[in-house]
Amino acid sequence: QVQLVESGGGLVQPGGSLRLSCAASGSIFASAAMGWYRQAPGKQREFIAIITSGGSTNYADSVKGRFTISGDNAKNTMYLQMNSLKPEDTAVYYCNGIFRGIEYWGQGTQVTVSS
C-alpha cells in the first residue's frame, strides 16, 4: 500500500504564494509520473501539473508561468510552488501517482485565494 499525504494549503490573498507538498510512503516503487490535480466546488477534478521520473514537466494552460512542480526523490516528496495566486485557483488540491500499476490519490489540501 502507498500513502500520499498533501500539506501546505491555506488561505492566501490574491497575488500571494503557497507551496504544497505531497509525501509518499509505504510500498514505494518508481512511478512513471506523479501529478497535481484540483477540484473546485461544483466542478470536476482538473489536471494542474505532472512530473515524470526523469524530471520532465507539463502544466495546464491556466497555471503556466505561475506554478512549478518539482520532486525530491531522497525525501519521497513532490512539491507544487504556486505564485501569483488568483481567486480562480481556489480548490482542493490533490496529488496523484501510479505505483506498480495502481493509482493512488492523497486526501487533498484546501487552497483558498481571497481578499
All pairs passing disulfide bond (SG atoms under 2.5 Å apart) where residues 35-84 contributes a residue, at least two apart:
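Pairs touching residues 35-84 that pass the test: none.
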Checking [X] now: which residues fulfil side chain to side chain contact (heavy atoms under 4.5 Å, CB included) with it, not counting sequence neighbours?
X      : value
Asp89  : Arg38, Arg66, Phe67, Leu85, Lys86, Tyr93, Val113
Ala23  : Thr77
Glu103 : Asn96, Ile98, Trp105
Ile50  : Ala33, Phe47, Asn58

Side-chain donor/acceptor pairs under 3.5 Å, residues 2-14, sequence neighbours excluded:
| unit_1 | atom_1 | unit_2 | atom_2 | d |
| --- | --- | --- | --- | --- |
| Gln3 | NE2 | Ser25 | O | 3.4 |
| Gln3 | NE2 | Ser25 | OG | 3.4 |
| Glu6 | OE1 | Gln107 | N | 2.9 |
| Glu6 | OE1 | Gln107 | NE2 | 3.4 |
| Glu6 | OE1 | Gly108 | N | 2.8 |
| Glu6 | OE2 | Cys95 | N | 2.8 |
| Glu6 | OE2 | Gly108 | N | 3.3 |

Pairing residues for Lys64 by the salt bridge (Lys or Arg N to Asp or Glu O under 4.0 Å) criterion, not counting sequence neighbours:
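With neighbours one apart ignored, the set is Asp61.
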Kindly write out the residues that satisfy side chain to side chain donor-acceptor pair (under 3.5 Å) with Asn76, not counting sequence neighbours, or none if the list is empty.
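Listed in chain order: nothing, the list is empty.
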Return the set of residues passing side chain to side chain donor-acceptor pair (under 3.5 Å) with Thr112 (not counting sequence neighbours), or none when no residue passes.
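For Thr112, the residues satisfying side chain to side chain donor-acceptor pair (under 3.5 Å) (neighbours in sequence not counted) are Gln110.
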Would a single hydrophobic cluster contain both [Y] and [X], if residues Ile, Leu, Val, Met, Phe, Trp and Tyr are joined by side-chain heavy-atom contacts under 4.5 Å?
X      : Y     : value
Leu18  : Ile48 : yes
Val111 : Met78 : yes
Ile51  : Leu80 : yes

Can any side-chain N or O of Tyr59 pair as donor or acceptor with the backbone N or O of Ile69 at less than 3.5 Å?
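Side chain of Tyr59 to backbone of Ile69: a pair is present.
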Shortest non-hydrogen contact from [X] to [Y]?
X     : Y     : result
Gln39 : Lys43 : NE2-O, 3.1 Å
Ser17 : Asn83 : OG-OD1, 2.9 Å
Gly97 : Met34 : CA-CG, 4.0 Å

Side-chain touch Tyr37/Gln44, heavy atoms, less than 4.5 angstrom
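Not in contact.
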Taking the side chain as every heavy atom from C-beta outward, state whether Glu46 and Ser62 have any pair of such atoms under 4.5 Å apart.
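Sidechains of Ser62 and Glu46: in contact.
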